[in-house]
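Reviewing the structure listed below.
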4 protein chains.
Amino acid sequence: MKREIDLNSDLGESFGPWTMGDDAAMLALVTSANVACGGHASDPETMYATVAEANARGVTLGAHPGYSDREGFGRRVIPMSEPEIERMVAAQIGSLMGVAALAGAHVRYVKPHGALGNLAADNGGVASSIARAVKAVSQDLAVLAISGTELEPASRNAGLAVYSEIFADRAYLSTGHLVPRNRPGAMIDDSAAAADRLLAFLDNDLMPTLDGAPIPLEAHSICVHGDSDGAVAMAQTIRVRLAASGLAFRSFLAPPP
Amino acid sequence: MKREIDLNSDLGESFGPWTMGDDAAMLALVTSANVACGGHASDPETMYATVAEANARGVTLGAHPGYSDREGFGRRVIPMSEPEIERMVAAQIGSLMGVAALAGAHVRYVKPHGALGNLAADNGGVASSIARAVKAVSQDLAVLAISGTELEPASRNAGLAVYSEIFADRAYLSTGHLVPRNRPGAMIDDSAAAADRLLAFLDNDLMPTLDGAPIPLEAHSICVHGDSDGAVAMAQTIRVRLAASGLAFRSFLAPPP
Amino acid sequence: MKREIDLNSDLGESFGPWTMGDDAAMLALVTSANVACGGHASDPETMYATVAEANARGVTLGAHPGYSDREGFGRRVIPMSEPEIERMVAAQIGSLMGVAALAGAHVRYVKPHGALGNLAADNGGVASSIARAVKAVSQDLAVLAISGTELEPASRNAGLAVYSEIFADRAYLSTGHLVPRNRPGAMIDDSAAAADRLLAFLDNDLMPTLDGAPIPLEAHSICVHGDSDGAVAMAQTIRVRLAASGLAFRSFLAPPP
Amino acid sequence: MKREIDLNSDLGESFGPWTMGDDAAMLALVTSANVACGGHASDPETMYATVAEANARGVTLGAHPGYSDREGFGRRVIPMSEPEIERMVAAQIGSLMGVAALAGAHVRYVKPHGALGNLAADNGGVASSIARAVKAVSQDLAVLAISGTELEPASRNAGLAVYSEIFADRAYLSTGHLVPRNRPGAMIDDSAAAADRLLAFLDNDLMPTLDGAPIPLEAHSICVHGDSDGAVAMAQTIRVRLAASGLAFRSFLAPPP
């Protein structure tokens, strides 16, 4: 069984006067923070507050670019060409890096958000566009990909370091895909059940599926959600249960020297 | 008399389906391009097209951050605290740097736009906020300031290289301020008159004013506008007239090694 | 002492994935709802849900236009001419009326939001611009104004019905102005204290001030806030206390026939 | 042969500092103006200027709602449910009606824009959503539909008056669909050729197709584009040629009493 694992969460998703989730509470629980970049959510003030707090707590920073669609929170596929995606992603990563510099912090990896992340999981062309954007902005950036998806080889082919994540509260299909959010059983709402599944998985790297046999998945990180009611409680339960089983929590990226 | 001068223009100010000015024509005339960063204008596609074209022509690239107010084109003062300005400016510079990296280009300096630029000219606190943002993003970035304004000492105090610009088509007051756009005589619409004034100024570094004696101004660059009708023709006239008087056009920043 | 009073609150201020306040709880307490129109907050989905719920509960509907500035939540003065304000307000009222029609509901009055409302309170020109916009859209719309401000005569001069509101949780100055939010004592956070002050005021129409003698104010409605923590609890306390003293809650506008 | 026809064009598509097309020139040529409503283009200032100018010239006003996607100019399908489309369309029509009221003008019909219009042409559910939104806002509004498409029966079923348009510069397929913009021959760039085709069509109501025999189409209006280079010249040529053949230009809607 693994000795160490990373916990990541999508944070910095407030906007102007509107708050999303409880970032301060989540930053006390996770080891990596995927910070929205002003596309699907966030603004310079939110980015700054999030990276400053994450940095103060030693949480590793990632950029979390998504479709520039606040009303849809980046969960709708906006028709864009691959070069358009490449430029949008580069602009968003750069934006977060600019704000992070102001907070004396460093962006270390990139994880695409929502509909863009799902498209990149299945579509090698989109995955390569994202990898090209990441690499152009900085070859030192890693990519955090959904385990078993197209973004892994695309990033590897671009010469980028790649890490893989599984989801704490999403059910899987035997194809390796997540069960779509609108289908029954897609979400695991019970914290104890989520923790049980993770512990079983971490023991043998086999993920149970809703429609068949467990599937092998690689995992450097577990994604815990931060934007729903009960998100903090679930993250807490998972952290406590995993710690009790002997796991240590550490970012998949070593701290900068 | 000077032997060399820089010509700069505000470019990359299109947005989505809307075109502003004739960037291709202006990029054939200027030596430095102030590129909008998605705040008062532009978007990732426009940024990319502008930096790629500027880079191909050897035009030096600057970031041109402004208030995030497309409807007002960054010409309205949006009430913001100095820390808010600092974060907005850092986010915008970073965004352009991200897209520039994708085009294999480098952002070399920063010039604030419109109402933000005017505020930074008069208000030392705002000027220092901008300088702090620039320096945090990269100490290698220079600042292009309106000659004789608060942004010059603020940038110098931050340890940044500073260059000064005068305007080809804007009249001056004896206070050193530009005549506000809504006052008679504010704009010099006649290309020949603009060129005459510049030639006289470049001879003795004394700028004629609308309300008194000429004032001494330092100038590393002349700003020619790119967004109005007749902008290209005026820039062309100025370039031809200055060249005829023996001036060479060269960016105030040496090309990167 | 009054026998009836209206309670109004700013509602429908969510946006896309972001929730503001607890509209369902507030709609059970108020008799008039000021619904955001897509300027400082809201979107067609939020408008629809809010007007449908308000209508189902018999709560009178008002439009709550504000500066088109979501990041600033309409609390920043955006420099605009009076004709620009007029057109912005007309567009926002129209937008809400369109959505209300879809829900089988009717917009009955207009109350300007935030910085726009404060400007209209002091500036007769802006107040008249808003009144002209309201009247052009429909002469049947009333105006809900901060008691004792410029918006009252401006609306009256335009031939519109005008009603006046006082604030449950904001302290007053002897000039009749609200104490600015950033000054000590501006907000009355204690529900019991707020209820006590209202009961005293309703008894004699004299409002206590922070810096002098009580001032006479007319009041057809009491504004209770819906967007802060504890907002629902304060509204509940006020409603219970006022009811206990014999007041009935009724909109300042009669229900449509 | 017809004695009268309407000419319509998509106008009011400027935004903030950016101008689209030459609305003043087009308003001198058309009899109906489809005015953008702040979704894919426009803002309150642009709406006001456009409706005021159209009204002064006796041009009939229509609302031209589109996806709320300025960067994509409403030409991208944004994934939305039918109720979401219904509410978005109602909000946009209402917004234009509010501004029109301020200009003393009346919105008389609705024509959906771009990707929304194309979707409504093929998809009966979306067409019905739009018709429901139109009817809810006002039963007196007519619908202007692409001839031969789903929006015609959907609007008729909702009890709305429906008028049909053909395109001056778009080629047709034998299915009745427009040739997609990205296929060769989709656009008729030559004004004379466009006028010839229209004259032939107006003679027998049969539209030539790129891939087969002419198809019968009903036409109350001809759509001439206003947003491209050469748009005014083409509209002028068409108007002159049709007038020379004896056609009068008149809106499909009678002027209001």
Side-chain angles (χ1 to χ4, degrees), chain A residues 12 15-16 35-39 42-52 63 65-70 78 80-107 110 129-141 158, chain B residues 12 15-16 35-39 42-52 63 65-70 78 80-107 110 129-141 158:
Chain A
F15 170 58
V35 183
C37 305
S42 201
D43 52 55
E45 288 301 292
T46 299
M47 284 192 254
Y48 184 85
T50 310
V51 298
Y67 286 115
S68 293
D69 172 29
R70 287 202 179 98
I78 307 298
M80 295 176 72
S81 69
E82 291 174 12
E84 286 174 336
I85 289 174
E86 206 170 318
R87 291 149 199 182
M88 176 182 75
V89 168
Q92 290 191 24
I93 300 171
S95 188
L96 185 69
M97 288 175 76
V99 176
L102 207 51
H106 294 275
V107 177
V110 176
S129 293
I130 293 173
R132 271 195 301 273
V134 173
K135 188 180 185 185
V137 174
S138 169
Q139 310 198 51
D140 294 335
L141 288 165
Chain B
F15 171 58
V35 183
C37 305
S42 201
D43 53 56
E45 288 301 292
T46 299
M47 285 192 253
Y48 184 85
T50 310
V51 297
Y67 286 115
S68 293
D69 172 28
R70 287 201 179 98
I78 306 298
M80 295 175 72
S81 70
E82 291 174 12
E84 286 173 337
I85 289 174
E86 206 170 317
R87 291 149 197 182
M88 176 183 74
V89 168
Q92 290 191 23
I93 300 171
S95 189
L96 185 69
M97 288 175 75
V99 176
L102 206 51
H106 293 276
V107 177
V110 176
S129 293
I130 294 173
R132 271 196 301 274
V134 173
K135 188 180 184 185
V137 174
S138 169
Q139 310 199 51
D140 295 334
L141 288 165

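Fair warning: this is a prediction, and the values are worked out from it, not measured in the lab. Here is how names work: the chains are called A, B, and so on, in the same order as the sequence lines, proteins then strands, and each is numbered from 1. Only heavy atoms go into these numbers, but all of them, side chains included; no hydrogens, no water, no symmetry mates.
Counting only heavy atoms from C-beta outward, the side chains of B/Tyr67 and B/Met88 approach each other to under 4.5 Å. Two residues are said to be in side-chain contact when any heavy atoms from C-beta on lie closer than 4.5 Å; B/Val89 and B/Ser129 fail this criterion.
In terms of non-hydrogen atom pairs under 4.5 Å with chain A, the most contact-rich of B/Gly104, B/Pro83, B/Ala100, B/Ala90 is B/Ala90. Contact count versus chain B (heavy atoms, under 4.5 Å) is highest, among A/Val99, A/Val137, A/Leu102, for A/Leu102. Counting heavy-atom pairs under 4.5 Å between each of B/Glu45, B/Met47, B/Arg87, B/Arg132 and chain A puts B/Arg87 at the top. Of the listed residues (B/Ala136, B/Ala91, B/Ala133, B/Ala103), the one with the most heavy-atom contacts under 4.5 Å to chain A is B/Ala91. Of the listed residues (B/Pro44, B/Ser95, B/Ser68, B/Cys37), the greatest number of heavy-atom pairs within a distance under 4.5 Å of chain A belongs to B/Ser95.
There is no contact between A/Ile93 and chain B, counting heavy-atom distances below 4.5 Å.
Once rounded to the nearest 0.5 Å, the distance linking CE of B/Met97 with CE of A/Met97 reads 8.0 Å. To the nearest 0.5 angstrom, A/Ile130 atom CD1 is 9.5 Å from A/Glu82 atom CD.
In this structure a side-chain-to-backbone donor-acceptor pair under 3.5 Å is present from B/Ser42 to B/Gly12.
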